[in-house]
Amino acid sequence: MWGLTAPRAGTAGVAGLLALALALTGPARAASFHSLYSFGGGADGAAPNGQLAADKSGRLYGTTDTGGAGGGGTVFRFDPASGTLTTLYSFTTFGAKGSGPASGVIVDRKGIIYGTTEAGGTGTCNLGCGTVFKLDPSTGALRTLVDFQDLAQGARPEGLVLYGGQLYGVTVFGGFIPGAGNSGAGTIFTVNPKTKAFTSLHAFNEPGVADGVGPAAALVPGPDGRLYGVAPSGGPNGSGTVFALDTLTAAVSVIHAFDFHIDGAAPTGRLLVRQGRFLGTTRAGGPTAAGDGVVFSVNPTTGALTNLYSFAGGADGQNTMAGLVQGPSGPVYGVTSQGGGSGAGTIFSVKVTSHAHAVLHDFSIADGSQPSGELLLQASTKFYGVTSGGGGGNGTIYEFIP
């Protein structure tokens with residue numbers, strides 16, 4: 001039987017055992033960060049924002065808010081293996097096909113891309129009410145699925161999710177319009193990606209119903225079959241809500257109402273479903289004096305919230321505009337768009353059980369600033385994301401390995 005026999009005396013023997021153990025196990029691998037692409041602000045676009053998506057080959061898809069040949073933003077594909085970026089479509093500033101695709105995209109099993117534009121289209125809103133689009137990356141052909149016509153229908157559509165063969169999304173504005181000069185509190189809608197059949201399911205903040213104002217993050221399916229999301233303001237305490245949508249009845253229920261100084265305010269990013277609970281971030285509020293937001297966990301049955309971490313402001317980051325993602329091991333990971341050593345944002349992790357928080361990367365402006373959108377985990381080991389600024393000045397695509 002093979003084994004190790006301890007020397008009889010001396011610290012040299014102990015040192016030898018430690019050296020052998022290190023040789024057998026190897027050193028702990030350090031986290032690595034690589035800036036993969038810096039946008040030039042011309043035909044390739046500027047200010048990438050929102051969620052990246054990936055196809056079966058590992059190529060990444062995303063959007064830039066501005067730039068491109070038409071000036072109204074782009075949809076792009078990026079190959080991490082070659083470092084090649086391809087502009088798939090360029091929007092015209094406030095054009096009929098939409099303008100400002102700021103929420104990123106989703107990709108279905110066939111590789112078809114879906115996304116939204118915040119402005120443009122043919123609607124009556126100032127600068128357009130926005131659109132929902134479908135793009136075939138093999139041909140570059142773009143089809144408008146929804147062209148929002150007025151505030152009553154909804155305006156400034158944001159993140160999408162494919163669920164049960166339907167696209168579900170939210171609008172930041174529109175829905176119930178209480179009076180002159182009011183832009184509405186937002187809506188939830190659904191559209192059939194094949195037939196373009198559109199249904200407005202819910203209008204927020206109708207009289208006597210304090211269910212939230214201005215939803216922007218994509219909805220996520222819960223274990224009970226409902227779709228869950230966040231509204232960054234409004235609700236019973238005025239600081240935002242976590243809500244659930246019953247897709248069969250269109251009924252919306254408030255799961256948790258935030259209170260600024262107690263559990264945070266302005267939940268903005270997409271929720272993460274983990275072990276039957278919903279994890280997320282707020283970009284403001286919380287029990288610290290800084291009031292720079294929290295990482296939270298909510299029980300969807302009871303609405304009880306657990307504060308996993310409260311940002312103190314400064315070095316640990318602030319302004320968490322994006323949601324959380326599950327990492328390759330225990331912790332969850334996220335980004336702050338500001339704060340850190342250079343004020344340009346951070347990548348961080350939080351352990352759900354112990355609540356331990358760690359800053360894993362400080363953006364330096366040269367490698368990017370203002371990271372936006374949730375991180376995208378690929379091949380169980382690598383995270384990809386975008387920054388809306390920094391690099392050459394127009395934003396970056398980056399890779400992070402924890």
Side-chain angles (χ1 to χ4, degrees), residues 39-57 59-79 84-125 127-149 153-163 165-172 189-199 218 373 386 395 397:
F39 286 85
D44 62 348
N49 273 287
Q51 179 66 41
L52 289 174
D55 62 19
K56 295 178 181 178
S57 300
R59 294 176 297 183
L60 308 178
Y61 296 82
T63 59
T64 65
D65 194 15
T66 61
T74 70
V75 180
F76 65 81
R77 177 174 63 214
F78 179 75
D79 186 348
T84 302
L85 185 135
T86 303
T87 300
L88 300 174
Y89 191 84
S90 292
F91 292 91
T92 301
T93 303
F94 307 128
K97 290 287 187 180
S99 178
S103 296
V105 295
I106 59 174
V107 179
D108 70 13
R109 294 179 180 178
K110 296 182 179 179
I112 301 300
I113 299 168
Y114 300 91
T116 61
T117 67
E118 293 187 334
T122 64
T124 59
C125 307
L127 306 180
C129 302
T131 68
V132 178
F133 64 85
K134 175 180 181 179
L135 175 64
D136 185 341
S138 64
T139 64
L142 183 139
R143 180 187 183 194
T144 301
L145 298 179
V146 184
D147 183 2
F148 290 89
Q149 289 300 298
Q153 188 183 22
R156 191 179 160 185
E158 296 286 350
L160 298 174
V161 62
L162 263 173
Y163 182 68
Q166 290 280 117
L167 286 168
Y168 290 85
V170 296
T171 67
V172 177
F189 66 87
T190 184
V191 59
N192 186 308
K194 295 180 179 179
T195 67
K196 299 172 54 174
F198 172 89
T199 304
V386 296
I397 302 172

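Heavy atoms only: backbone and side chains are in, while hydrogens, waters and symmetry mates are out. By convention here, the first residue in the shown sequence is residue 1.
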> Hey, do the aromatic rings of Phe133 and Tyr89 have their centres closer than 6.0 Å?
no
> Check whether any side-chain heavy atom of Leu142 sits under 4.5 Å from a side-chain heavy atom of Phe91, and report yes or no.
yes
> Can you confirm whether the side chains of Thr131 and Asp147 place a donor and an acceptor under 3.5 Å from each other?
no
> To the nearest 0.5 Å, what is the distance between CG (Leu162) and CD1 (Ile112)?
11.0 Å
> Going by atom types only, do Thr74 and Thr64 share a side-chain donor-acceptor pair under 3.5 Å?
yes
> Are any of the side-chain heavy atoms of Val172 and Val170 separated by less than 4.5 Å?
no
> Mind checking the CZ-SG spacing from Arg156 to Cys129? Nearest 0.5 Å is all I need.
13.0 Å
> Is there side-chain contact between Lys196 and Phe198, with heavy atoms separated by less than 4.5 Å?
no
> Could you tell me the separation between the CZ atom of Arg77 and the CD1 atom of Ile113, rounded to the nearest 0.5 Å?
7.5 Å
> Would you say that Lys97 contacts Thr144 through its side chain, given a criterion of any heavy-atom pair below 4.5 Å between the two side chains?
yes
> Go through the structure and list residues passing side chain to side chain contact (heavy atoms under 4.5 Å, CB included) with Thr124, not counting sequence neighbours.
Asp150
> Dump the intermediate steps for side-chain contact (heavy atoms from CB on, under 4.5 Å) on Asp44 and Phe76, then the final yes or no.
CA-CA 8 Å; Asp44 62 348; Phe76 65 81; over 6 Å; no
> What heavy-atom pair brings Gln166 and Pro193 nearest, and what distance separates the two atoms?
CA-CD, 4.3 Å
> Which distance, rounded to the nearest 0.5 Å, do you find between the CD of Glu158 and the CD of Gln51?
13.5 Å
> Can you give me the closest heavy-atom contact between Ser90 and Ala69, atom names plus distance?
OG-N, 3.4 Å
> Roughly how far apart are Ile106 CD1 and Leu167 CG, rounded to 0.5 Å?
5.5 Å
> Test Val386 against Asn49 for side-chain contact (heavy atoms from CB on, under 4.5 Å), laying out the working first.
CA-CA 7 Å; Val386 296; Asn49 273 287; 5.8 Å; no
> Identify the heavy atoms of Pro101 and Gly72 that sit nearest to each other, and give their distance.
CD-O, 3.4 Å
> Give the intermediate values and the outcome of side-chain contact (heavy atoms from CB on, under 4.5 Å) for residues Tyr114 and Val105.
CA-CA 6 Å; Tyr114 300 91; Val105 295; over 6 Å; no
> Looking at every heavy atom in both Gly159 and Ser103, which two are closest together, and how far apart are they?
N-OG, 3.9 Å
> Report yes if the side chains of Leu135 and Leu88 come closer than 4.5 Å at any heavy-atom pair, otherwise no.
yes
> Less than 6.0 Å separating the ring centroids of Phe189 and Phe148?
yes
> Test your reading of the model: is there a side-chain donor-acceptor pair from Ser99 to the backbone of Gly120, 3.5 Å cut-off?
no
> Compare all side-chain heavy atoms of Asp55 with those of Tyr61 and state whether any distance is below 4.5 angstrom.
yes
> Step by step, would you call Ile397 with Phe39 a side-chain contact (heavy atoms from CB on, under 4.5 Å)?
CA-CA 8 Å; Ile397 302 172; Phe39 286 85; 3.7 Å; yes
> So which atom in Ala54 and which in Leu60 form the shortest heavy-atom distance, rounded to 0.1 Å?
CB-CD2, 4.2 Å
> Quick one: closest heavy-atom pair of Ala47 and Thr66, and the distance?
CB-OG1, 4.3 Å
> May I ask you to test the Tyr168-Val191 pair for a side-chain heavy-atom distance under 4.5 Å?
no
